[in-house]
Protein chains: 2
Amino acid sequence: MTEAQKRPYHHGDLRQAILETAIAMLNEPGGWQFTLREVARRAGVSHAAPYKHFPDKAALLNEIALIGFDRLHVALASARSSAGNAAEALAAASRAYLVFGLGNPALYRLMFGAEIGNSAAVHRDRRAMGAFDVVMDLLAEGQAAGLIEKRGVAGQAASVWAQMHGLTMLKLDGMLRPERVGEDAVEAALASFFEGVLV
Amino acid sequence: MTEAQKRPYHHGDLRQAILETAIAMLNEPGGWQFTLREVARRAGVSHAAPYKHFPDKAALLNEIALIGFDRLHVALASARSSAGNAAEALAAASRAYLVFGLGNPALYRLMFGAEIGNSAAVHRDRRAMGAFDVVMDLLAEGQAAGLIEKRGVAGQAASVWAQMHGLTMLKLDGMLRPERVGEDAVEAALASFFEGVLV
DNA sequence: GCGATAAGTAGACAGTGTTAACTTCATGTC
DNA sequence: GACATGAAGTTAACACTGTCTACTTATCGC
């Protein structure tokens, strides 16, 4: 008598179970290329049941990506609120960004994977911009306080975000090879970058 | 009498035809998620013929990614050779990088897509590092000539690469939204970044 | 209890990657 | 020219996947 046989006909919260199962499966080889059938199997339902909650696999992946953006935003907002001045907060938020990305490789890749699901819709969603807004705010604050080089905030914010995103992706992809850029490439790059940003 | 019927039994250069067909198909919706069967169909051979030249789809994608890195390297080396001093060359190479990435979205994504093919092997390949080597050289030159801020070359190179890569990916993914970062976010970010790098 | 509807099941279908047996052909040797 | 060999390509089969539809189960409101 397996668990599946003991479950009542209705799961009770299948949508949530599918999300959690899929998020967990992201960390297995193949990442987001898990099959919907395996998600259903593990959630203890028939292979077509997920279609009751998500119109297709892309929709499931989109929702997971947005959950990822929510979490990234929370991580940055949290780092910000426990830091000192704007420059310190920016540094803390940057580290939080890297910690999040490097600590959740598969989720991070899904969030930024352009050919995954309907990424255009994801990237238009307000939830995808929360983390970036934190960066924008900190830069504006830091400039006003004379702690950060005075440059166009928009361009500077894009540059900061590009730096975080680029470092995360290059590190995750194994392209920052120790024999070329040393053992602590991310830290060294961050230090180098902020030498050009902080006053 | 179709072209397929007029072709001799042996294609003559099927491996190349498959590569070219697949690279062309990269630019269609779905990018690298094209089917091997469609590649074969367009190349005018049976669906299983590609297996004579590539053990599986991943191997084909890997080879295409490496071709992409070759091209990126050529673009940077070319920009470098027609620029002036090291600082100018770095700026030119950076623009060449962005032009390449933004001009070949699907190829660029394949090059850096960690869950595509056997990306670990691709990223260990010497061919994946040619462009980065150009950046390293230019930074060392620029620092020696007093044109670029003196910082650890390894960290600085990682930072430059992260900036280029991050900007390319964020732009390609539609995340540098004009209403947030202006119409010329890439240019503005690049200017901001280099203000912190050039003397 | 009944009707409506949401949630889940079972089966079908088309398409895909891959494999193996078979076929075609080119090349080298005698 | 005949023959053997091996590479290149074909055909058919298989397992798997995403998706759809008809059917079943169960819940809720009247």
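A, B, ... follow the sequence lines: proteins, then strands. Residue 1 opens every chain.
- Electrostatic pairing of B/R42 and B/E28 counts as a salt bridge here, judged by a charged N lying under 4.0 Å from a carboxylate O.
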For residues 90-98 of chain B, dump all side-chain donor-acceptor pairs below 3.5 Å to protein atoms at least two apart in sequence or in another chain.
from: B/S94; atom 1: OG; to: B/L90; atom 2: O; distance (Å): 2.8
from: B/R95; atom 1: NH1; to: B/E187; atom 2: OE1; distance (Å): 3.1
from: B/R95; atom 1: NH1; to: B/E187; atom 2: OE2; distance (Å): 3.0
from: B/Y97; atom 1: OH; to: B/Y108; atom 2: OH; distance (Å): 2.7
from: B/Y97; atom 1: OH; to: B/W161; atom 2: NE1; distance (Å): 3.0

Summarise how protein sits on nucleotides 15-25 of chain C as a single string, 5' to 3': B when a protein heavy atom is under 4.0 Å from the base, S for sugar-phosphate-only contact, - for no contact.
-> -BBBB---BBS
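- Because its NZ or CZ atom is not both nearer than 6.0 Å to the ring centre of B/Y51 and within 45° of the ring axis, B/K57 does not count as a cation-pi partner of that residue.
- Within residues 14-22 of chain B, the residues having any heavy atom under 4.0 Å from DNA chain D are, by residue number, B/L14.
- Between A/E63 and A/R127 there is a salt bridge, since at least one side-chain N of the basic residue sits less than 4.0 Å from a carboxylate O of the acidic one.
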Side-chain donor-acceptor pairs of residues 12-26 of chain A under 3.5 Å, sequence neighbours excluded:
from: A/Q16; atom 1: NE2; to: A/E20; atom 2: OE2; distance (Å): 2.9
from: A/T21; atom 1: OG1; to: A/A17; atom 2: O; distance (Å): 2.7

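- Listed by chain and residue number, A/R151 satisfy the side chain to side chain donor-acceptor pair (under 3.5 Å) test with B/E195 (two or more places apart in sequence, or in another chain).
- Spacing between atom CG of B/D13 and atom P of D/dA7 amounts to 18 Å, rounded to whole angstrom units.
- Contacts classified as side chain to side chain donor-acceptor pair (under 3.5 Å) and involving residues 72-89 of chain A (residues at least two apart or in different chains) are given here: A/R80-A/E141.
- Contact check for B/R109 versus B/W32: no side-chain heavy atoms found under the 4.5 Å cut-off.
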